[in-house]
Peer 1: 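Dropping a structure here in structure tokens format, bear with me for questions.
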Amino acid sequence: MVTTIAAMLLGHLVLPDYPGATTFPLILGAVSIVASIIGTFFVGMKNDGKATGGAIMGALYRGMIVAGVLAAIAFYFVTNQEFGAGATIDGRSISALAIFGCAVVGLVVTGLITYITEIYTGTQFAPVQNIARASITGHATNIIAGLAVSMQATALPAIVIVVGILVSFSLAGLYGVGIAVMAMLSMAGIVVAIDSFGPITDNAGGIAEMAEMPEAVRNVTDPLDAVGNTTKAVTKGYAIGSAGLAAVVLFASFVKELADKCAANSAAACATTPIVFSLADPYVLTGLFVGGLCPYLFASLSMESVGRAGGAVVEEVRRQFREMPGIMTGTQKPDYGTTVDIVTRAALKEMILPALIPICVPVIVVLLSFVLPNNGGAKMMGGVLVGSIVTGLFLALSMTSGGGAWDNAKKYIEDGHHGGKGSPAHAAAVTGDTVGDPYKDTAGPAINPMIKVLNIVALLLVGYLVH
């Protein structure tokens with residue numbers, strides 16, 4: 001919704017004479033919903049007992065490819081309907097075909113980021129296997145290898161996003177970037193459907209293990225669980241990649257809105273002198289540092305929250321074993337409710353402080369703008385937004401891909417490699433997986449909405465920067 005609103009706002013700002021420019025992002029989303037529903041019918045495979053991770057991912061990707069192709073075909077017709085005669089953006093004539101090309105760019109970026117994330121998190125690829133191999137020599141080498149993979153996993157998605165921005169901008173300017181992002185996120189239906197495969201198979205494997213079902217059952221659920229870890233990572237990579245693109249659109253909307261406010265307020269200091277975001281300006285530079293800090297501080301607080309909640313659960317479990325000896329003999333049932341309550345309360349309470357960061361930082365910058373000369377507050381806000389986009393994108397990609405790789409390295413060893421379950425390599429991989437869980441399930445994915453909220457709050461407060 002944040003991205004849709006940003007694209008609609010940008011359409012209104014850069015194409016005020018074309019009402020269709022504002023509603024076009026909604027039409028793209030509506031078309032892709034239908035395409036995603038049709039795509040789900042193409043997901044499936046034979047129950048021949050020979051399912052491998054690659055085959056399962058292939059079955060899931062079939063649905064995504066069908067949905068993408070159908071969406072692209074529909075995009076062509078709706079683009080012609082809305083912009084058949086073309087449009088003029090900042091004095092430049094843009095054809096309907098160019099706008100359609102931007103939508104196709106968004107679909108291509110979706111496919112590439114999805115596949116790249118699978119390469120770094122799938123058990124059939126080298127990065128996960130290298131982490132598993134590093135586990136042979138201990139816990140520390142597992143962590144080192146996992147961190148190396150997580151950092152490496154940021155390069156290709158960043159290049160894809162850069163190319164996507166440049167191509168869509170060359171086709172239709174900032175509005176083209178907005179359309180590319182909207183086309184990318186319009187595929188959320190089929191992507192989230194694939195994502196839901198992860199927790200379902202994970203819990204199925206957990207039930208099979210706790211119920212002590214035959215090994216044949218685990219042989220079915222384990223490959224599904226490994227694929228589920230990949231689908232979860234793929235979806236997070238997709239969401240974070242889109243957040244990077246969307247943040248560019250939000251920042252463009254911020255700059256346009258700021259210019260409009262300056263032009264409307266003749267008494268404002270910026271009414272006659274445009275605000276320029278120059279790296280030589282100390283206000284912009286300090287904003288970049290503050291914005292770059294935000295994702296790291298946010299992720300740090302999120303990780304600490306997981307650690308505290310996990311520690312509280314461990315202490316509660318130890319207490320129950322101490323005070324209820326019948327648990328080990330099977331004569332007493334554990335008090336599951338207490339541990340669930342600890343986790344549920346922590347999930348709500350612990351996120352209050354991190355959630356304040358993207359709300360309070362823009363407010364503080366606005367307050368500073370009343371004392372900073374030469375439109376310092378507006379320049380600092382621009383720096384904050386850009387800094388948060390750059391560091392947030394890389395930190396989030398690193399955390400989600402690294403966490404998924406650690407998890408599947410453990411699964412790879414459990415499949416019988418490097419000594420299998422119970423081996424020293426497996427013990428090291430369990431440690432890596434434990435570190436990777438808050439990486440991929442808490443801090444990493446949460447950076448995505450943090451960036452967007454920071455941008456949206458800044459956009460809502462832009463009027464207070466002009467005085």
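All values below were derived from every heavy atom in this structure, side-chain atoms included, with hydrogens, water molecules and symmetry-related copies excluded.
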Peer 1: Just do the side-chain contact (heavy atoms from CB on, under 4.5 Å) check on Ile161 and Leu393 with the steps written out, would you?
Peer 2: CA-CA 10 Å; Ile161 290 168; Leu393 176 69; 3.9 Å; yes
Peer 1: Taking all non-hydrogen atoms of both residues into account, name the closest pair between Ala405 and Val149 and its distance.
Peer 2: CB-CG1, 4.0 Å
Peer 1: Would you say the side chain of Leu461 lies within less than 4.5 Å of the side chain of Leu465, judging by non-hydrogen atoms?
Peer 2: no
Peer 1: Return each pair, listed once, that meets side chain to side chain donor-acceptor pair (under 3.5 Å) where at least one residue sits in residues 390-403; pairs must be two or more places apart or across chains.
Peer 2: Ser150-Ser398
Peer 1: Between atom OG1 of Thr154 and atom CD1 of Ile159, what is the distance when rounded to the nearest 0.5 Å?
Peer 2: 9.0 Å
Peer 1: Without placing hydrogens or testing angles, list every side-chain donor-acceptor pair under 3.5 Å for residues 185-199, not counting sequence neighbours.
Peer 2:
unit_1, atom_1, unit_2, atom_2, d
Ser186, OG, Ser32, OG, 2.7
Ser186, OG, Ala183, O, 2.6
Ser196, OG, Ala193, O, 2.6

Peer 1: With sequence neighbours excluded, tell me which residues meet side chain to side chain contact (heavy atoms under 4.5 Å, CB included) with Thr22.
Peer 2: Met8, His12
Peer 1: Do Val290 and Val365 have side-chain heavy atoms sitting under 4.5 Å apart?
Peer 2: no
Peer 1: Does the Glu257 side chain pair with the main chain of Leu459, one donor and one acceptor, at a distance under 3.5 Å?
Peer 2: no
Peer 1: Please report the interatomic distance CG(Leu353) to CG(Leu301), rounded to the nearest 0.5 Å.
Peer 2: 5.0 Å
Peer 1: Between Asp407 and Lys232 (salt bridge meaning N to carboxylate O under 4.0 Å), is one present in this structure?
Peer 2: no
Peer 1: Are the side chains of Leu288 and Leu279 in contact, using a 4.5 Å heavy-atom criterion?
Peer 2: yes
Peer 1: Are side-chain heavy atoms of Met182 and Thr4 found at a separation under 4.5 Å?
Peer 2: yes
Peer 1: Do other residues, nucleotides or ligands put more than 12 heavy atoms under 6.0 Å from Phe125 CZ?
Peer 2: yes
Peer 1: Restricting to non-hydrogen atoms, name the atom on Ile179 and the atom on Ala103 that form the minimum distance, rounded to 0.1 Å.
Peer 2: CG2-N, 3.9 Å
Peer 1: Mind checking side chain to side chain donor-acceptor pair (under 3.5 Å) for Asn203 and listing every partner two or more places apart, or none if nothing turns up?
Peer 2: none
Peer 1: Of all residues at least two apart in sequence or in a different chain, which pass the side chain to side chain donor-acceptor pair (under 3.5 Å) check with Thr40?
Peer 2: none
Peer 1: What's the spacing between Thr114 OG1 and Tyr61 OH if we round to 0.5 Å?
Peer 2: 6.0 Å
Peer 1: Got Tyr296 and Ile447 here, is their nearest side-chain heavy-atom distance under 4.5 Å?
Peer 2: no
Peer 1: Please check this pair: side chain of Tyr238 against backbone of Met184, looking for a donor-acceptor N/O pair closer than 3.5 Å.
Peer 2: yes
Peer 1: Mind jotting down which residue pairs meet the side chain to side chain donor-acceptor pair (under 3.5 Å) criterion with at least one end in residues 427-438? Sequence neighbours excluded, please.
Peer 2: His139-Thr431, Lys410-Asp433, Asp437-Lys440
Peer 1: Could you name each residue pair satisfying side chain to side chain donor-acceptor pair (under 3.5 Å) that touches residues 414-425, not counting sequence neighbours?
Peer 2: Glu414-His426
Peer 1: Using the test ring-ring contact (aromatic ring centres under 6.0 Å, His included), find all partners of Phe277 that sit at least two apart in sequence or belong to another chain.
Peer 2: Phe251
Peer 1: If we only count heavy atoms from C-beta on, is the Met213 to Arg218 side-chain gap below 4.5 Å?
Peer 2: no
Peer 1: Taking atom OH of Tyr439 and atom CE of Met303, what is their separation to the nearest 0.5 Å?
Peer 2: 5.5 Å
Peer 1: Taking only residues two or more places apart in sequence or in another chain, which ones pass salt bridge (charged side-chain N to carboxylate O under 4.0 Å, His left out) with Arg318?
Peer 2: Glu315
Peer 1: For Asn455, give me all partners under side chain to side chain donor-acceptor pair (under 3.5 Å), at least two apart in sequence or on another chain.
Peer 2: none
Peer 1: Report, as yes or no, whether the 6.0 Å neighbourhood of atom NZ on Lys261 holds more than 12 heavy atoms from other residues, nucleotides or ligands.
Peer 2: no
Peer 1: Tell me, with the steps shown, if Thr231 and Leu60 meet side-chain contact (heavy atoms from CB on, under 4.5 Å).
Peer 2: CA-CA 9 Å; Thr231 64; Leu60 294 169; 3.7 Å; yes
Peer 1: Is it the case that atom CZ in Phe41 sees more than 12 heavy atoms from other parts of the structure closer than 6.0 Å?
Peer 2: no
Peer 1: Nearest 0.5 angstrom please: Tyr412 OH to Asn408 CG, how far?
Peer 2: 11.5 Å
Peer 1: Please step through side-chain contact (heavy atoms from CB on, under 4.5 Å) for the pair Cys294 and Val361, ending with a clear verdict.
Peer 2: CA-CA 9 Å; Cys294 288; Val361 168; 3.8 Å; yes
Peer 1: With a 4.5 Å heavy-atom cut-off, do Leu372 and Met380 have their side chains touching?
Peer 2: yes
Peer 1: Surrounding CZ of Arg319 (heavy atoms of other residues, nucleotides or ligands, distance under 6.0 Å), is the total greater than 12?
Peer 2: yes
Peer 1: Not counting sequence neighbours, which residues clear ring-ring contact (aromatic ring centres under 6.0 Å, His included) with Tyr120? List them please.
Peer 2: none
Peer 1: In terms of heavy-atom contacts, does CD of Glu215 have more than 12 from other residues, nucleotides or ligands at under 6.0 Å?
Peer 2: no
Peer 1: Without swapping roles, check the side chain of Trp406 against the backbone of Asn142 for a donor-acceptor pair under 3.5 Å.
Peer 2: yes
Peer 1: Would you say Leu250 and Leu385 make side-chain contact, with heavy atoms under 4.5 Å?
Peer 2: no
Peer 1: Quick one: list whatever passes side chain to side chain contact (heavy atoms under 4.5 Å, CB included) with Ala239, sequence neighbours left out.
Peer 2: Asn448
Peer 1: Calculate, to the nearest 0.5 Å, the distance between atoms CD1 and CG belonging to Ile144 and Leu147 respectively.
Peer 2: 8.0 Å
